[in-house]
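Every heavy atom of this structure was used, including side-chain atoms; hydrogens, water molecules and symmetry mates were not. A, B, ... follow the sequence lines: proteins, then strands. Residue 1 opens every chain.
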2 protein chains.
Amino acid sequence: MTDTGTETPRERYRAQVRAEVKAHAWEQLAAAGASALSLNAIAKRMGMSGPALYRYFANRDELITELIRDAYRSLADTFRATAAAAGPDASALAHALRDWALQDPHRYFLVYGTPVPGYHAPDDITDIVREIMATLLDACAALPSDSPATPFGSHLAEHRRWAGDHPAEPAALHRALTFWTRLHGVLSLELAGHFTGMEFDPALFFAAELEGLTNASAP
Amino acid sequence: MTDTGTETPRERYRAQVRAEVKAHAWEQLAAAGASALSLNAIAKRMGMSGPALYRYFANRDELITELIRDAYRSLADTFRATAAAAGPDASALAHALRDWALQDPHRYFLVYGTPVPGYHAPDDITDIVREIMATLLDACAALPSDSPATPFGSHLAEHRRWAGDHPAEPAALHRALTFWTRLHGVLSLELAGHFTGMEFDPALFFAAELEGLTNASAP
DNA sequence: TCGTGTTCGTTAGAAGTTGTAACGCAACGA
DNA sequence: TCGTTGCGTTACAACTTCTAACGAACACGA
């Protein structure tokens, strides 16, 4: 996963066990969700006793934090790869996002689902979020736009610190935000099963929302 | 909460204890979320031993199911009251939804948050969902609209069983769906704290999305 | 090659949780 | 008044997270 160059055998072994634990954790997560994640069960499946894992993770929260970080990284990688292959294309990003979400719904909810009460994301995740947002802003800035300035757009022009030093127009900032929330709105309800009774095709709905997003007259 | 007319003292007492348990559960839920809900803790706070509560709820899941049902009912009541006061007004419904969500974020996530893996909603909840959707459809049908028929709109025209026997145009169906997903997109990310680093005003963003929804040229 | 110290995995155990079983008691209804 | 029903208790099983103490394996410097 990372460089295994100047590491002692101990560090190498340690990293490998941590990776194996996380692999089992992802398996368990995909099967039953984050709340059902059990360090004991993972240990047993690895042929170790429960407390052994506490040599590698301080507690259950640290493991989950690690999984959340990996999930963010995975999304950032997906966006980076999409942008590298298709350029700043909002439509491509949207489909990459949907594929990424459908590939492992529990991973999506780990990032965008119900927050754990006491939990607070570590600082380095904000860097990953910033990269994801930058890629999205690039794509939104490249979109054709003939929509007039909106009240919220001018509000965003004065509160754009979240965009870092990205040279996007207020309309692009607004578009990036709606891109995020609208697609999340469709995806999260679809993944949570709120569409299951209704027999329409979620993919078509997603496409319709995306179409509205990439219009020159949007948002 | 309900009629206490032709009930035996036992049934009355039973209903009262169940209500008290649920009250403590809501308290605990608002404080620490659904995953931290403990039957034992509730029992102790009520001055009883843990297993006593199993006379009133078969298990933890049944209690949570009851809370989810109450949450749905609460939203349906809010929508019904709003429609009774303001008529079929999508804007009023949107603000009612936002107020309802902000009033108790954990309650919102109980309904629209990360689903519990093994959990399946009981049938009677679909009736409540149907009422909520009907109110929303009424409001969307009353909205002025000059937008042309969309591809997804015609798809919805052929898959409209979820709308029950509501006589709404395909455009209204489409509008109701986007109303739901777009507002949920903003609300869920706001409540989950994903906007906290970014210093814009979520209320303005919500208003902007609502404005886009109630336009005659929407969606 | 031989200590030495770090680290790993173990078992034991504390303090929780959900949930079941068996018991006594109180209350309701005939 | 008396029997049935239901309630709350304790005891217990089977889990969970997580700490403490111990022995063994390992890496490393002398």
Side-chain angles (χ1 to χ4, degrees), chain A residues 4-29 31-68 110 116-120, chain B residues 4-29 31-68 110 116-120:
Chain A
T4 54
T6 63
E7 285 176 343
T8 69
R10 276 241 151 92
E11 286 172 332
R12 211 162 17 219
Y13 176 73
R14 191 178 172 76
Q16 188 194 329
V17 173
R18 274 179 72 101
E20 193 176 344
V21 170
K22 288 205 285 183
H24 280 92
W26 277 116
E27 218 172 284
Q28 204 167 314
L29 199 90
S35 60
L37 207 151
S38 157
L39 284 189
N40 253 316
I42 292 174
K44 274 175 192 165
R45 227 178 263 189
M46 288 177 66
M48 305 202 297
S49 261
L53 291 199
Y54 286 83
R55 297 277 178 201
Y56 300 95
F57 296 92
N59 48 39
R60 195 172 167 277
D61 264 21
E62 191 186 298
L63 173 58
I64 291 184
T65 298
E66 195 78 7
L67 296 179
I68 292 177
L110 213 50
V116 182
Y119 177 81
H120 191 63
Chain B
T4 54
T6 62
E7 286 175 345
T8 69
R10 276 244 151 93
E11 287 172 331
R12 207 161 24 217
Y13 176 72
R14 189 178 174 76
Q16 188 194 329
V17 174
R18 275 180 69 101
E20 193 176 343
V21 170
K22 289 205 282 183
H24 279 93
W26 277 115
E27 218 172 284
Q28 204 167 312
L29 200 89
S35 59
L37 207 153
S38 157
L39 284 187
N40 253 316
I42 292 174
K44 273 174 192 165
R45 225 179 265 188
M46 288 177 68
M48 305 203 296
S49 261
L53 291 200
Y54 287 82
R55 297 277 178 201
Y56 300 94
F57 295 91
N59 47 39
R60 197 171 165 276
D61 263 22
E62 191 186 297
L63 173 58
I64 292 184
T65 297
E66 196 78 8
L67 297 179
I68 293 177
L110 213 51
V116 183
Y119 177 81
H120 191 65

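Nearest nucleotide to the side chain of A/Ala52, out of C/dT17, C/dT10, C/dA26: C/dT10. Between D/dT10, C/dT18, C/dT10, one nucleotide has an atom nearer to the side chain of A/Pro51 than all others, and that is C/dT10. Residue B/Tyr13 has its side chain nearest to D/dG8 when only D/dG8, C/dG9, D/dT9 are considered. Side-chain proximity of B/Asn40 to the nucleotides D/dT10, D/dT16, C/dT17 is greatest for C/dT17. Residue B/Leu39 has its side chain nearest to C/dT18 when only C/dT10, C/dT18, D/dT10 are considered. When each of D/dT17, C/dC28, D/dA11 is scored by its nearest atom to the side-chain atoms of B/Arg10, the top-ranked nucleotide is C/dC28. Distances from the side chain of A/Tyr54 to the nucleotides D/dT17, C/dG9, C/dT18 place D/dT17 closest. Of the listed nucleotides (D/dG8, D/dC18, C/dC8), D/dG8 has the atom at the smallest distance from the side chain of B/Met48.
Here the C1' atom of nucleotide D/dC26 and the CD atom of A/Glu11 are 14 Å apart, to the nearest Å. In this structure, A/Arg18 places its CZ atom 15 Å from C1' of C/dC8, rounding to the nearest Å. What separates CZ of B/Arg60 from P of C/dT20 is a distance of 15 Å, to the nearest Å. Rounding to whole angstrom units, CD1 of residue A/Ile42 and C1' of D/dT17 are separated by 13 Å. Whole-Å rounding puts the A/Leu53 CG to C/dT7 C1' distance at 15 Å. Remark: C1' of D/dT16 and CZ of A/Arg45 are 16 Å apart, rounded to the nearest angstrom. Atom pair B/Arg12:CZ and D/dG6:P shows a separation of 17 Å (rounding to whole Å applied). Between A/Ile64 atom CD1 and D/dT16 atom C1' the separation is 13 Å, expressed in whole Å.
Side-chain N or O atoms of A/Thr8 include one that pairs as donor or acceptor with a backbone N or O of A/Glu11 at under 3.5 Å. Of the possible donor and acceptor atoms, none in the side chain of A/Arg55 sits under 3.5 Å from a partner among the backbone N and O of A/Arg14.
Listed here is the closest heavy atom pair of A/Tyr54 and A/Asn59: CE2-CA, 4.1 Å. A/Ile42 approaches A/Gln28 most closely through the heavy-atom pair CG1-OE1, 3.2 Å. Taking every heavy atom of both residues into account, A/Gly50 and A/Asn40 meet most closely at CA-OD1, 3.2 Å.
The base of D/dG8 lies close enough to the side chain of B/Arg55 for a donor and an acceptor atom to sit less than 3.5 Å apart.
Residues A/Lys44 and A/Ala58 each lie close to DNA chain D; by heavy-atom proximity, the contact nearer the 5' end of the strand is made by A/Lys44. Comparing A/Ala41 and B/Arg14 against DNA chain D, the residue whose closest nucleotide sits nearer the 5' end is B/Arg14.
Contact annotation: B/Ser49 does not reach the phosphate of D/dG8 (side-chain N/O to OP1 or OP2, under 4.0 Å). Put simply, A/Tyr56 has a side-chain N or O that comes within less than 4.0 Å of OP1 or OP2 on C/dG9. For the pair B/Ser38 and C/dT18, the criterion of a side-chain N or O lying under 4.0 Å from OP1 or OP2 is met.
Among the heavy atoms of the strands lying under 4.0 Å from A/Leu37 are primed sugar atoms or P, OP1, OP2 only; no base atom is included.
Results of the side-chain contact (heavy atoms from CB on, under 4.5 Å) test with A/Leu53 over A/His24, A/Arg18, A/Met48 single out A/Met48 as the only residue that passes.
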